[in-house]
S.K.: 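First, the structure itself, so that you have it in front of you.
Keep in mind that what you see is a predicted model, and the values were worked out from it rather than measured.
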Amino acid sequence: MMWYDGGSMWFLGPLVMVLFWGGVIVLAAWALKAFSGGGRSGQGTSLEVLKRRLASGEISQDQYEQARKVLQG
């Protein structure tokens, strides 16, 4: 009776398992980031930030209008 030990491919099974679970983890992290706002950390859109800066007095009305025109094209 001859025994077959799998030859030199014994590492293939564990390697495939590690790659599979690594891919699952990377995919889950990407999905979490994509569906949670992309990591903007609650700052809002550029126009919202600009409006906040005007309201707080950081920029003047003229600076606001100039920046708004640039942002809106």
S.K.: Assess whether atom CD of Q63 is packed by more than 12 heavy atoms of other residues, nucleotides or ligands within 6.0 Å.
M.R.: yes

S.K.: Treat each ILVMFWY residue as a node, draw an edge where side-chain heavy atoms are under 4.5 Å apart, and state whether L27 and V24 are in one component.
M.R.: no

S.K.: Taking a hydrophobic cluster as the set of Ile, Leu, Val, Met, Phe, Trp and Tyr residues connected by side-chain heavy atoms closer than 4.5 Å, whether directly or through intermediates, do I59 and V49 fall within one such cluster?
M.R.: no

S.K.: Do you know the tightest heavy-atom contact between L50 and L71?
M.R.: CD2-CD1, 3.9 Å

S.K.: Take R68 and E65, measure what salt bridge (charged side-chain N to carboxylate O under 4.0 Å, His left out) needs, and give me the verdict at the end.
M.R.: CA-CA 5 Å; R68 184 182 58 82; E65 291 297 330; 2.6 Å; yes

S.K.: For a 4.5 angstrom cut-off between non-hydrogen side-chain atoms, does Y64 reach R53?
M.R.: no

S.K.: Would you compute the distance between atom CE of M17 and atom CG of L12 and round it to the nearest 0.5 angstrom?
M.R.: 12.0 Å

